[in-house]
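Reminder, nothing fancy here: chain letters follow the sequence lines and each chain counts from 1. Every heavy atom of this structure was used, including side-chain atoms; hydrogens, water molecules and symmetry mates were not.
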2 protein chains.
Amino acid sequence: MLTAKQHELLLFINQRLDESGISPSFEEMKEALDLKSKSGVHRLIGALEERGFIRRLANRARALEVMKMPEGGNVGGNNVARFAPVKETKPQIQIPVAANDVMEIPLHGKIAAGVPIEALEGQNSLSVPMALLGAGEHYALEVSGDSMIEAGILDGDYALIRKANTARDGEIVVALVRGEEATLKYLRREGQQIRLDPANGSYEPQYYAPHEVEVQGKLAGLLRRYH
Amino acid sequence: MLTAKQHELLLFINQRLDESGISPSFEEMKEALDLKSKSGVHRLIGALEERGFIRRLANRARALEVMKMPEGGNVGGNNVARFAPVKETKPQIQIPVAANDVMEIPLHGKIAAGVPIEALEGQNSLSVPMALLGAGEHYALEVSGDSMIEAGILDGDYALIRKANTARDGEIVVALVRGEEATLKYLRREGQQIRLDPANGSYEPQYYAPHEVEVQGKLAGLLRRYH
DNA sequence: CCACTTTTGTTCTCTAATCGTTCCATTCAT
DNA sequence: ATGAATGGAACGATTAGAGAACAAAAGTGG
């Protein structure tokens with residue numbers, strides 16, 4: 001799927017994102033790849049984007065995001081005992097269903113209950129207006145608990161998650177902690193540590209080493225139903 | 001399903017992808033299959049593609065992707081015991097849920113800004129899965145302000161409103177006050193008065209005479225988008 | 001809030017090497 | 001022979017690297 005250069009760049013971006021949470025600038029990527037011009041980086045970025053490995057905000061500085069990693073490349077930056085065979089790779093194309101601007105996305109179960117998401121992949125799915133999602137592969141989780149209540153995310157809401165391996169500081173992510181517990185939290189980095197912040201005064205922030213936390217996606221939308 | 005050569009090539013591609021994450025070039029595949037021309041590889045690739053075993057980006061270098069492996073061939077190369085022998089990772093259309101239907105509901109503008117809703121009926125509309133709505137006529141409003149923040153309704157959210165003239169105590173309604181100001185509030189009755197409760201400690205409940213308040217609908221759902 | 005500077009991303013042009021595509025001749029096995 | 005598989009080579013497209021000028025965003029100081 002990738003050329004050597006593309007692969008090299010992707011690895012570098014992923015590493016930097018993993019370590020510092022800040023995407024490298026074109027200049028830095030240029031240096032990392034030992035190039036003397038940024039234009040090459042630009043083309044490589046374009047190729048990676050075309051292939052769905054990264055996403056970016058147009059005309060924004062340091063706004064890269066790794067969506068997936070190729071086989072063989074280690075995702076978590078370093079050798080984590082990644083218990084789950086992270087089968088995440090092969091992208092299943094999301095096909096817009098009959099109705100014009102609505103998409104069916106899989107509903108993977110509840111989150112915050114300490115269960116790895118992969119475990120409970122069901123057949124359920126949810127129709128979501130495309131306006132709520134961007135590009136990329138998405139899935140939905142039913143929110144359980146009140147740990148994000150101050151972010152306006154209530155028990156029973158449906159969180160729409162875009163698959164991603166990385167996130168920037170302050171984003172709300174689905175984080176798999178030590179391969180066992182998946183939670184929805186604010187992601188922040190403090191020095192060499194990863195901090196998972198709930199949005200509820202009654203709960204404490206939690207600190208982890210980078211290799212203990214795997215980002216499985218970031219919050220892209222929210223659905224709530226009143227009765 | 002596959003000829004010997006096709007099978008051999010598929011195995012090779014998968015192996016390389018697994019080991020390095022970089023797809024082999026035609027030249028490399030030629031070598032691997034011990035051919036003396038790339039044209040043969042070209043045909044084999046075409047055959048594999050036709051049968052859905054691989055996918056590729058047209059006219060792109062090293063842009064192969066393995067979709068599935070024939071029975072017997074292990075997909076995951078080395079590291080992990082890839083649990084599912086990946087029988088089909090193809091397009092995989094998602095299964096529609098119960099009420100798959102979608103509704104286009106009009107987007108009437110913002111609420112909470114002191115403007116009667118009717119005034120700004122625009123052309124905009126929003127596609128919403130019917131599962132989120134019940135029966136009845138609906139419309140959407142963009143929430144402006146933070147007066148309902150403690151109810152998990154944030155600035156910029158889209159409120160899905162079901163048209164109604166009445167509501168029960170404690171429901172969140174769109175209330176038109178004295179014919180001029182439309183707001184989203186909890187509705188409560190206290191004796192002969194109507195009480196509109198914000199969900200924000202910084203705001204005070206407001207009391208009105210019944211004839212001053214017209215219920216224009218009740219909150220039926222909520223959509224939020226993260227960027 | 002504005003003007004100014006720095007950082008960062010975008011685009012274009014050239015050059016070269018790699019890569020994919022195609023067509024046609026040749027070989028091989030029935 | 002005849003159809004299928006293979007070989008060969010020319011061709012065009014993509015990938016890559018460099019350099020520079022430009023435009024847009026972010027940061028700074030008044």
### Query
Does a nitrogen or oxygen in the side chain of A/N59 sit under 4.0 Å from OP1 or OP2 of C/dT10?
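Yes, A/N59 has a side-chain N/O under 4.0 Å of OP1/OP2 on C/dT10.
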### Message
Please report the distance, rounded to the nearest Å, between CD1 in B/I45 and C1' in C/dG20.
### Response
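Rounded to whole Å, this separation is 11 Å.
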### Message
Assuming nearest nucleotide by heavy-atom distance, tell me which of B/T3 and A/K38 is located more 5' along DNA chain D.
### Response
B/T3
### Message
Rounding to an integer number of Å, can you tell me how far A/L35 CG sits from D/dT15 P?
### Response
16 Å
### Query
According to a strict under-4.0 Å criterion, is A/R43 in side-chain N/O contact with OP1 or OP2 of C/dC12?
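No, because none of the side-chain N or O atoms of A/R43 sits under 4.0 Å from OP1 or OP2 of C/dC12.
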### Message
Pick the closest DNA chain D nucleotide for B/K5 and for A/A61 by heavy atoms, then say which residue is nearer the 5' end.
### Response
B/K5
### Check: A/Q6/B/R62 side-chain N/O donor and acceptor closer than 3.5 Å
no
#### Entry: A/S39 or B/A58, whichever maps to the more 5' nucleotide of DNA chain C
A/S39
### Query
OP1 or OP2 of C/dG20 sitting under 4.0 Å from any side-chain N/O of B/H42?
no
### Summary
Closest heavy-atom pair, A/A4 versus B/I22, reported as atoms and distance to 0.1 Å, is CA-CD1, 3.4 Å
### Side-chain (B/D157) to main-chain (B/V143) donor-acceptor, under 3.5 angstrom
no
### Query
Counting side-chain heavy atoms from CB outward, which of C/dG20, D/dG7, C/dG9 is closest to A/S25?
C/dG9
### Residue pair A/I172 / A/A151: nearest heavy atoms and the distance that separates them
CD1-CB, 4.4 Å
### Task
Determine the contact category for B/R62: base if any of its heavy atoms lies under 4.0 Å from a base atom, sugar-phosphate if only primed atoms, P, OP1 or OP2 are that close, otherwise nothing.
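Here B/R62 touches the backbone only, sparing every base.
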### Task
Check whether any side-chain N or O of A/S37 sits under 4.0 Å from OP1 or OP2 of D/dA20, and answer yes or no.
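Checking D/dA20 against A/S37, no side-chain N or O comes under 4.0 Å of OP1 or OP2.
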### Task
Round to the nearest Å and state the distance from A/L33 atom CG to D/dA16 atom C1'.
11 Å
### Message
Would you say B/R60 places a side-chain N or O within less than 4.0 Å of OP1 or OP2 belonging to D/dT15?
### Response
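True: B/R60 side-chain N/O within range (under 4.0 Å) of D/dT15 OP1/OP2.
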